[in-house]
Each structure stands twice: as C-alpha cells, then as structure tokens.
Number of protein chains: 2
Amino acid sequence: MMKKYYPDEDRQLVAVDCIIFGFDAGMLKLLVVKRSFEPGKGRWSLAGGFLRKNESLDDCASRVLLELTGLKEVYLEQLQSYGDIARDEGDRVVSVAYYALLNIKDHNLDLSSDNDAYWCPLDEMPDLIFDHGDMVGKALKRLKRKVKIQPVGFELLPGKFTLPQLQTLYESIYQKDLDKRNFRKKILSMDLLDKLPEKDKSNSKKGAYFYSFNQKKYNELVSDGFYFNLDV
Amino acid sequence: MMKKYYPDEDRQLVAVDCIIFGFDAGMLKLLVVKRSFEPGKGRWSLAGGFLRKNESLDDCASRVLLELTGLKEVYLEQLQSYGDIARDEGDRVVSVAYYALLNIKDHNLDLSSDNDAYWCPLDEMPDLIFDHGDMVGKALKRLKRKVKIQPVGFELLPGKFTLPQLQTLYESIYQKDLDKRNFRKKILSMDLLDKLPEKDKSNSKKGAYFYSFNQKKYNELVSDGFYFNLDV
DNA sequence: CCAAAAGTGTTCAGCTTACACCCATGA
DNA sequence: TCATGGGTGTAAGCTGAACACTTTTGG
C-alpha cells in the first residue's frame with residue numbers, strides 16, 4: 001500500500017469519451033451509441049466509460065473502443081478534456097475526449113448493434129447528450145488539421161484503395177471539393193503510394209487502380225526530415 | 001442534493017498543472033516553483049493544484065495562476081491531460097496541463113518569490129518532477145504552432161513593443177533566426193500594428209519605434225475571414 | 001456506340017527567400 | 001568620428017490554383 005500524501009477530499013469521476021470516425025459510401029461517419037442508462041437514457045451519445053484506478057487514460061480509451069467495436073489496433077489520439085461542473089447531468093464528471101480513426105470494413109457490426117450503436121453520416125448527426133456535440137466539432141477541426149500534416153487519412157481506408165476514393169475521403173473531411181489533377185499530382189509526388197496491378201471496377205467501367213500506403217517508406221522519409229503535407 | 005446516478009468507486013484526484021511562459025531579456029522563460037511538500041519536496045515543478053468540486057478545469061487553472069502570480073486576465077489554454085497510473089509518485093493523479101502566456105513586467109515578483117518561484121530561461125530548464133518536463137516540451141511545440149496562426153505572441157510583450165523585440169520573441173519561440181526584412185515586411189503587411197510616435201532607446205542610440213497591436217482591427221479582419229499567418 | 005468515371009500537363013499569379021547598404025545617434 | 005543597432009527594396013524560384021480533353025469499357 002502506497003503512503004498517502006494528498007488529501008482525499010475532492011476526488012472526481014473521470015470519464016473517457018471517444019469520437020469514432022469511419023469512412024464508408026464516400027461519407028465520413030461517426031459511431032454513436034444509444035445510452036442504456038440514466039441520465040439521458042435512450043438518447044444518442046459518444047462511446048464512453050469511467051476511468052478505472054488501474055488503467056491509464058490511453059488504456060481506458062482503448063478499452064472503450066475495444067468493448068464497443070472489438071477492435072484493438074486502432075488509431076487513437078487524445079483530443080481535449082472537458083471539465084465544466086455541470087456538463088454531465090448525473091454527477092460532476094471530468095471527461096477526457098479521444099478521437100479514433102478506423103476502417104469501417106474491419107469493424108464487427110454485430111458488436112455495435114448489441115450496443116445500439118450506429119454509423120451516422122456526419123451531416124446527419126443527431127443531437128448528442130451533454131457536451132458531446134462540442135467534442136465532435138472539436139474532433140473534426142483537429143482531424144482537418146491533422147490529415148494535412150500526417151498521413152492519418154489512410155487509417156480510415158482499407159489497405160488497398162483507389163485515388164478517387166482517397167480524394168473523396170479528403171473532400172469529406174475538408175468539406176469541400178478538390179481539383180482532381182492537383183490532388184493526384186500532390187499526393188503522388190510524395191512518393192508514398194505503391195500502385196498495385198489491380199483495378200477496382202466497382203465504381204466505373206474503366207476501373208481505378210488500387211494503391212497502398214507505404215508505411216516503411218514514410219518512416220524512412222520522416223527520419224530524413226520529410227514532412228507530409230497535403231494543403232488545400 | 002443531486003440524485004446519484006453513477007457508481008462511487010474509482011474516483012480520482014484530478015490536478016491542473018500550468019506551463020507559464022514569459023519573455024524577458026530577449027529570452028523565452030518558464031515559471032517554475034520549488035515544491036513545498038512531499039513527494040518531491042524541494043524539487044522544481046510546474047505550478048499546480050488539485051481540482052475542486054465547485055470549479056471547472058478552466059477555473060482551476062485560473063486559480064492556480066492567480067495564487068502564484070496575482071494576475072487575473074492571462075492568456076490560458078488547455079494543452080493535454082496526463083493519465084499514466086504512476087505518473088505522480090504520491091498517488092494516482094490525473095493531471096490536466098494548461099499553458100499560459102504573460103508579460104513578465106506585469107508580474108508581481110513578490111508573490112512568486114514567496115512561493116520559491118523562478119523565471120527560468122527555457123534553455124537552462126532544470127529537471128522537473130514527474131512528467132512535467134514532457135508537459136513543457138508539448139507546450140513549446142503547441143506554442144510554436146500557435147504563434148504562427150494566431151496573434152498570441154503579443155501576450156508575452158508589453159502593450160508597447162518594438163519590431164526588433166517582436167522579432168526576437170519569434171526567434172526565441174521558433175529557436176531559429178529570422179530575416180529582418182522579410183519578418184518586418186510580413187508582419188507589417190497584415191496591417192495589425194499601430195506605429196507610435198515614440199522610440200525605445202534602451203537598446204540602441206538610434207532607437208526603435210514602438211508599435212502596439214490593434215486588437216480591434218484584428219477582430220474586424222477576422223470576422224471578414226482573415227487568417228493571421230506568420231510562416232517561417 | 002455511348003454514358004460515366006479515370007486519367008493526364010501546362011500556364012499564371014502570388015508568395016517565400018535570399019541578400020547589402022544607409023541611417024541616426026550617444027559616447 | 002565611429003560603433004551599434006534600426007531601417008529599407010528587389011529579383012529569382014517555387015508552389016498553389018485554375019483549367020479541358022482523351023481513355024476505357026460494360027451495358
């Protein structure tokens with residue numbers, strides 16, 4: 001047993017809430033869950049859970065994600081903490097928000113339907129409880145910045161993807177149209193994508209070549225001082 | 001009394017730690033305090049305090065700052081939360097880090113010397129307890145990004161400042177030299193500085209004109225869609 | 001054969017960068 | 001008068017933005 005140094009009063013409930021982004025059918029989506037307990041039972045919310053004594057914040061976020069999706073190796077980054085006194089109607093709870101990027105195809109849909117979870121297109125997002133809507137707004141802002149300077153967008157795509165798919169992904173994050181020629185020129189000039197000898201014919205008769213992101217080459221370039229950059 | 005909704009187990013101590021930046025003698029400095037209690041008594045640390053039941057995280061950060069410096073209207077922004085189980089040797093404590101920017105001349109030195117506090121040049125920073133060194137690194141990274149896209153650097157300067165001063169400030173944040181002509185051209189082209197009819201002769205015989213940041217004009221430009229930008 | 005998506009280069013404007021000399025003045 | 005820091009302009013290269021036609025092929 002650890003020696004006690006600090007006063008015991010003023011301990012707080014600490015929660016982790018996860019903004020889980022996915023990309024499907026050309027749309028950026030958010031995984032929302034229907035709350036199964038009061039307060040706010042039946043309303044939509046983010047996936048969340050209370051921080052336990054024996055887990056770090058990062059571990060807690062991983063656990064929340066695992067419990068909902070069954071997925072382990074998911075891109076996860078801390079966003080911001082929310083600490084207004086009355087932000088949670090049930091009690092005073094400090095919430096640490098994380099955002100996750102995952103490839104929807106990897107996702108075990110059974111698990112999330114058990115939880116009354118739903119992949120909601122971002123532009124049809126329902127009202128979320130408490131300050132969860134703010135969290136999503138903040139996460140989206142962060143994501144917009146992040147995908148410009150780090151190749152995290154690929155986390156949202158399958159290992160093999162086409163350039164039109166990748167462009168649509170960026171367009172749905174930036175919420176604006178990009179020029180096809182400029183986009184391809186820029187992304188290909190970084191020399192981080194491997195062109196595969198197969199085509200995806202599901203969207204056109206001509207078919208679009210599959211590419212894959214070369215993580216090894218990226219790591220090498222980064223250690224040579226390279227910065228990923230995809231401005232708009 | 002609020003109805004109880006959540007289990008009472010697993011409440012945690014939550015602390016706020018503040019990375020307080022100042023600028024003086026052409027150097028970026030950090031306000032560090034000598035810990036007056038165990039564990040780590042006598043070692044250098046950031047200013048911090050435990051979150052109370054009746055205050056938000058932001059309020060707590062303001063309080064920590066007020067108690068140490070006596071200052072109220074200080075630029076303060078949440079940085080990141082730190083939640084490793086054993087990060088604090090005294091107990092399991094989740095810490096929310098904030099960073100503050102303040103003008104050292106406004107600072108009441110008496111108060112901070114009561115607290116065994118010290119404005120430490122960033123490049124002579126002592127070892128700090130726990131993960132406070134990581135927090136400072138992260139804050140510096142954030143500050144570098146922030147000063148490029150928002151006019152927060154002025155928070156570190158007196159209301160009247162010279163262009164050489166401003167340039168030195170940016171150089172000490174970016175930790176690299178900037179071209180005098182390009183710097184002046186860029187900052188003046190934004191049309192946010194008012195040139196005053198006085199000169200600061202403390203650093204040269206010729207003297208450098210004082211300028212002041214025009215917050216009103218900045219607000220107007222921002223609402224017209226203007227983005228502050230000071231690339232390097 | 002035709003509709004629909006994939007793929008491909010060039011030009012122009014604006015911005016970033018590099019660079020060197022004169023000015024004012026207190027000591 | 002001279003040492004010291006303050007102040008000023010221009011040219012070259014690069015990057016971002018705009019823009020339209022050809023290719024492929026399943027139906």
Side-chain angles (χ1 to χ4, degrees), chain A residues 25-27 144-145 147-149 157-158 160-172 174-212 225-232, chain B residues 25-27 144-145 147-149 157-158 160-172 174 176-212 221 225-232:
Chain A
M27 284 180 297
K144 281 183 192 180
R145 178 163 54 75
V147 293
K148 279 187 199 183
I149 56 172
L157 293 173
K160 297 193 281 187
F161 52 85
T162 66
L163 292 184
Q165 250 184 305
L166 184 64
Q167 181 173 348
T168 306
L169 169 63
Y170 272 83
E171 287 175 333
S172 66
Y174 293 146
Q175 295 169 309
K176 78 174 183 187
D177 291 346
L178 302 177
D179 180 278
K180 187 166 48 161
R181 279 175 288 191
N182 293 337
F183 179 80
R184 297 170 75 99
K185 202 188 320 168
K186 186 128 199 190
I187 190 84
L188 290 176
S189 75
M190 283 193 270
D191 203 26
L192 290 169
L193 301 186
D194 295 333
K195 187 173 186 170
L196 306 180
E198 319 154 55
K199 283 186 163 190
D200 169 26
K201 295 217 169 185
S202 62
N203 286 304
S204 73
K205 300 165 179 173
K206 185 177 179 182
Y209 280 104
F210 279 116
Y211 286 78
S212 64
F226 164 84
Y227 289 98
F228 185 89
N229 181 4
L230 207 60
D231 264 325
V232 279
Chain B
M27 284 181 297
K144 282 184 192 180
R145 179 162 54 74
V147 293
K148 279 187 198 182
I149 56 173
L157 294 173
K160 297 193 282 189
F161 52 85
T162 66
L163 292 185
Q165 251 185 304
L166 185 63
Q167 182 174 346
T168 306
L169 168 63
Y170 272 84
E171 287 175 333
S172 65
Y174 292 148
K176 77 173 182 188
D177 291 346
L178 302 177
D179 181 279
K180 186 165 51 160
R181 278 176 287 191
N182 293 338
F183 180 80
R184 297 170 76 98
K185 202 189 320 170
K186 184 128 198 190
I187 190 85
L188 291 175
S189 74
M190 282 193 270
D191 204 26
L192 290 170
L193 301 186
D194 295 333
K195 187 175 188 169
L196 306 180
E198 320 153 56
K199 282 187 164 190
D200 170 25
K201 296 216 170 184
S202 62
N203 287 304
S204 73
K205 302 167 179 175
K206 184 176 179 182
Y209 281 103
F210 279 116
Y211 287 78
S212 65
L221 286 173
F226 164 83
Y227 290 97
F228 184 89
N229 182 3
L230 206 60
D231 265 325
V232 280

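Reckoned from all heavy atoms, side chains included, excluding hydrogens, waters and symmetry mates. What you see is a predicted model; the values in this text were computed from it and never measured.
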Minimum heavy-atom separation for [X] and [Y], please, with both atom names.
X: B:F228; Y: B:F226; answer: N-CE2, 3.5 Å
X: B:Q167; Y: B:D179; answer: NE2-C, 4.0 Å
X: B:L178; Y: B:E171; answer: N-OE2, 2.8 Å

Measure the distance from [atom1] on [X] to [atom2] on [N] and round it to the nearest whole Å.
X: B:R184; N: D:dG9; atom1: CZ; atom2: P; result: 11 Å
X: B:L166; N: D:dG7; atom1: CG; atom2: C1'; result: 15 Å
X: B:L196; N: D:dG6; atom1: CG; atom2: P; result: 17 Å

Side chain to side chain contact (heavy atoms under 4.5 Å, CB included) involving B:Y209 - partner list, sequence neighbours excluded
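Checked B:Y209 against side chain to side chain contact (heavy atoms under 4.5 Å, CB included); matches are B:K195, B:K199, B:Y211.
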
Checking B:Y174 now: which residues fulfil ring pair (Phe, Tyr, Trp, His ring centres under 6.0 Å) with it, not counting sequence neighbours?
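For B:Y174, the residues satisfying ring pair (Phe, Tyr, Trp, His ring centres under 6.0 Å) (neighbours in sequence not counted) are B:Y170.
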
Below 4.0 Å from chain B heavy atoms, what is the first contacting nucleotide of DNA chain C and what is the last?
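Under 4.0 Å from chain B, the extent on DNA chain C is C:dT16 to C:dG26.
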
Are any non-hydrogen side-chain atoms of B:L166 and B:L193 less than 4.5 angstrom apart?
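Yes, their side chains come closer than 4.5 Å.
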
Per-nucleotide protein contact string for nucleotides 17-27 of chain D (B base, S sugar-phosphate only, - none; heavy atom under 4.0 Å)
BBBB--BBBB-

By the definition side-chain hydrogen bond (donor to acceptor under 3.5 Å, both in side chains), identify the one residue from B:K185, B:K186, B:R184 that meets it with B:N182.
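The single option meeting the side-chain hydrogen bond (donor to acceptor under 3.5 Å, both in side chains) with B:N182 is B:K185.
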
Please confirm whether the backbone N or O of A:F210 pairs with a side-chain atom of A:E198, one donor and one acceptor, at under 3.5 Å?
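Checked: no pair found.
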
Nearest 0.5 Å please: distance from the OG1 atom of B:T168 over to the CG atom of B:L163.
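The CG atom of B:L163 is 10.5 Å from OG1 of B:T168, to the nearest 0.5 Å.
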
Taking side-chain hydrogen bond (donor to acceptor under 3.5 Å, both in side chains) as the definition, give me every residue that meets it alongside B:K144, ordered by chain and number, with sequence neighbours left out.
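If we apply the side-chain hydrogen bond (donor to acceptor under 3.5 Å, both in side chains) test to B:K144, skipping adjacent residues, the hits are B:Q175.
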
Inter-axis angle, terminal five-pair segments of the helix from C:dC1-D:dG27 to C:dA27-D:dT1 [nearest 10°]
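The helix from C:dC1-D:dG27 to C:dA27-D:dT1 shows an end-to-end axis angle of 0°.
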
